[in-house]
Amino acid sequence: MAFPYMEAVVGFMILMYIFESYLDLRQHTALKLPKLPKTLEGVISQEKFEKSRAYSIDKSNFHIFHEFVSILMESAILYFGVLPWFWKKSGSFLVTAGLNAENEILRTLSFLVGVMFWSQITDLPFSLYSTFVIEARHGFNKQTIWLFFRDMIKGIVLSIVIGPPIVAAIIVIVQKGGPYLAIYLWGFMFVLSLVMMTIYPILIAPLFNKFTPLPEGELRSKIEKLASSLQFPLKKLFVVDGSTRSSHSNAYMYGFFKNKRIVLYDTLIQQCKDEEEIVAVIAHELGHWKLNHTMFTFVAVQILSFSQFGGYTLVRNSNDLFQSFGFDTQPVLIGLILFQHTVMPLQRVVSFALNLVSRAFEFQADAFAKSLGYSTPLRAALVKLQEENLSAMNTDPWYSAYHYSHPPLVERLAAIDEPDKKTD
């Protein structure tokens with residue numbers, strides 16, 4: 001008797017939805033608490049707390065509704081055979097267009113166009129509500145409806161330009177990979193990830209945001225001095241116009257080997273008037289580099305990627321797997337999609353483990369900045385960013401442990417305030 005893959009996948013999805021909904025309700029209860037955590041009393045103003053509470057509750061309500069709609073749609077798509085229906089319709093479309101429906105690359109691209117069209121339609125109402133109702137209500141949204149749709153159209157065009165060559169290459173590799181398929185697939189995705197990390201900040205990101213060099217001045221001098229003291233090969237220092245879309249703030253770094261770049265959101269500069277606070281944030285980010293967190297994450301992702309491709313090679317010719325989901329053929333892309341669904345339980349475990357590692361890295365990066373003498377400005381910056389971004393002040397410990405890649409503010413401040421351990 002064939003294993004009921006589809007029923008098992010849908011059943012697991014529903015179980016995970018129930019579990020995560022329970023966590024959502026715990027978090028929602030925590031968000032509604034009328035008082036600040038004791039450690040934040042006198043640190044966060046009551047006005048900011050009330051605004052944060054209202055914003056977090058709005059987002060929580062929206063998230064709970066969105067997740068409910070999503071599980072209904074995703075379960076229905078699998079259970080009622082929408083994917084095989086889409087696959088058959090993609091073949092019919094090619095025939096109507098006078099193209100060869102037996103060409104797997106063309107048929108896969110036709111299938112993906114239909115899926116992308118469906119995704120855009122179903123996601124659009126939620127994106128619009130999130131951006132122009134929730135974010136706007138709480139003063140974060142800065143983009144116009146024209147800018148919103150312009151970004152969406154740019155994203156679709158990029159998918160049309162970049163997607164087909166990648167899809168075609170994957171199909172050819174799977175068809176001709178033989179016993180070394182997992183190695184070839186991993187090698188291709190490895191090179192692709194390096195190429196995308198190289199071209200994204202140079203060619204793609206500037207299509208959506210404007211990057212300008214940080215002006216000469218005390219802030220630039222302090223950051224360059226810090227980078228030099230740590231032997232960080234800083235080549236360029238940019239400010240990005242994040243304020244054209246949102247008043248949320250951030251900072252990040254990227255680049256390979258001796259060609260590193262740091263990007264500051266203009267909102268970060270606006271919110272942190274004290275330059276030492278901005279430098280402290282950069283010290284935290286440089287801590288990730290100095291402590292090899294970025295390299296560890298990259299290597300971990302590559303190992304997981306290779307493991308997944310290895311697992312895919314074991315089941316890609318399984319008739320039971322395809323037939324369980326309603327397919328009478330075994331297309332390469334469909335096989336990858338179905339495999340991702342079947343390993344969902346393992347992915348949840350891996351995601352949870354990576355969150356635990358990420359949280360540990362955040363504490364280490366904070367400690368690194370503290371060791372450089374930025375304890376006070378880092379503490380002030382974290383509080384200010386928490387206030388300005390209206391981040392949740394009260395968090396449920398189960399929810400944060402499962403979902404958060406960064407520790408809650410209360411835990412980070414406690415770690416920063418903890419006296420350094422003395423060694424004999």
Side-chain angles (χ1 to χ4, degrees), residues 1-10 12-13 78 81 83-84 86-88 90-91 94 99-113 115 159 162-199 256 294-354 357:
M1 183 178 177
F3 183 79
Y5 288 99
M6 187 272 289
E7 290 82 359
V9 167
V10 173
F12 179 77
M13 287 170 55
L78 294 179
L83 286 181
F86 252 120
W87 182 257
K88 290 177 182 177
S90 65
L94 290 177
L99 299 173
N100 182 13
E102 298 302 316
N103 184 309
E104 186 172 344
I105 293 177
L106 289 178
R107 189 159 181 179
T108 300
L109 294 176
S110 175
F111 172 81
L112 288 175
V113 168
V115 170
S159 298
I162 298 174
I166 296 174
V167 171
I170 291 174
I171 291 174
V172 171
I173 290 172
V174 173
Q175 290 175 340
K176 301 182 180 298
Y180 300 105
L181 171 59
I183 296 176
Y184 295 148
L185 271 178
W186 171 80
F188 172 73
M189 295 306 296
F190 176 74
V191 173
L192 178 63
S193 65
L194 294 181
V195 171
M196 291 304 296
M197 283 191 290
T198 301
I199 69 172
F256 294 110
T294 306
M295 180 60 68
F296 174 89
T297 302
F298 182 77
V299 171
V301 168
Q302 297 310 312
I303 293 173
L304 291 172
S305 177
F306 182 76
S307 300
Q308 285 197 326
F309 289 134
Y312 166 69
T313 61
L314 298 177
V315 302
R316 71 185 183 91
N317 292 321
S318 170
N319 287 322
D320 291 345
L321 175 62
F322 285 88
Q323 290 175 359
S324 178
F325 284 90
F327 289 91
D328 50 17
T329 58
Q330 299 181 7
V332 170
L333 180 73
I334 298 301
L336 287 168
I337 293 174
L338 299 184
F339 175 72
Q340 289 298 315
H341 278 90
T342 58
V343 297
M344 200 182 303
L346 180 60
Q347 289 175 337
R348 299 287 184 170
V349 174
V350 171
S351 177
F352 175 67
L354 289 177
V357 173

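- Counting heavy atoms of neighbouring residues, nucleotides and ligands inside a 6.0 Å radius, atom CE of M344 exceeds 12 of them.
- With sequence neighbours excluded, the residues that form a side-chain contact (heavy atoms from CB on, under 4.5 Å) with V195 are V191, I199.
- Closest of all the heavy-atom pairs between F190 and Q302 is CD1-OE1, 3.3 Å.
- The nearest pair of heavy atoms linking L194 to T198 is O-OG1, 2.8 Å.
- Note on residues 167-192: no pairs pass salt bridge (charged side-chain N to carboxylate O under 4.0 Å, His left out), not counting sequence neighbours.
- Residues meeting the side-chain hydrogen bond (donor to acceptor under 3.5 Å, both in side chains) test with E7, sequence neighbours left out: none.
- Looking at every heavy atom in both residues, A8 comes nearest to F3 through CB-CE2, 4.1 Å.
- Between A101 and G91, the closest heavy-atom pair is CB-O, 3.6 Å.
- Side-chain contact between L83 and F327 is present, with heavy atoms from C-beta onward closer than 4.5 Å.
- Remark: M6 engages V10, Y79, S324, F325 in a side-chain contact (heavy atoms from CB on, under 4.5 Å) (not counting sequence neighbours).
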CA sep, side-chain torsions, deciding dist, call: F306, I183, side-chain contact (heavy atoms from CB on, under 4.5 Å):
CA-CA 7 Å; F306 182 76; I183 296 176; 3.9 Å; yes
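- At least one side-chain heavy atom of L185 sits less than 4.5 Å from a side-chain heavy atom of V174.
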Can Y5 and L78 be said to form a side-chain contact (heavy atoms from CB on, under 4.5 Å), step by step?
CA-CA 11 Å; Y5 288 99; L78 294 179; over 6 Å; no
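- Residues forming a side-chain contact (heavy atoms from CB on, under 4.5 Å) with Y184 (at least two apart in sequence, or on another chain): I173, Y180.
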Set out, in order, the CA-CA distance, both residues' side-chain angles and the distance that settles side-chain contact (heavy atoms from CB on, under 4.5 Å) for L336 and I170, then state yes or no.
CA-CA 10 Å; L336 287 168; I170 291 174; 3.9 Å; yes
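- Nearest heavy atoms, V115 versus F86: N-CE2, 4.4 Å.
- Interatomic distance, CG of L181 versus CZ of R316, reported as 5.0 Å (0.5 Å rounding).
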After noting the C-alpha distance and the side-chain angles of L354 and V301, does the key distance pass the side-chain contact (heavy atoms from CB on, under 4.5 Å) rule?
CA-CA 10 Å; L354 289 177; V301 168; 5.7 Å; no
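- Contacts of I303 classified as side-chain contact (heavy atoms from CB on, under 4.5 Å), with partners at least two apart in sequence or in another chain: V299, S307.
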Below 3.5 Å, can you tabulate the donor-acceptor pairs from side chains in residues 106-113 to any protein atom, sequence neighbours excluded?
{"unit_1": "R107", "atom_1": "NE", "unit_2": "W87", "atom_2": "O", "d": "3.2"}
{"unit_1": "R107", "atom_1": "NH2", "unit_2": "W87", "atom_2": "O", "d": "3.0"}
{"unit_1": "T108", "atom_1": "OG1", "unit_2": "E104", "atom_2": "O", "d": "2.7"}
{"unit_1": "S110", "atom_1": "OG", "unit_2": "S90", "atom_2": "O", "d": "3.2"}

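- Listed by first then second residue, pairs satisfying side-chain hydrogen bond (donor to acceptor under 3.5 Å, both in side chains) with a partner in residues 325-338 read N319-Q330, not counting sequence neighbours.
- For F296, the ring-ring contact (aromatic ring centres under 6.0 Å, His included) criterion is met by F361, not counting sequence neighbours.
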Which atom pairs, donor and acceptor, lie under 3.5 Å between side-chain atoms of residues 346-353 and protein residues at least two apart or in another chain?
{"unit_1": "Q347", "atom_1": "NE2", "unit_2": "Q340", "atom_2": "OE1", "d": "2.5"}
{"unit_1": "R348", "atom_1": "NH1", "unit_2": "E20", "atom_2": "OE2", "d": "2.8"}

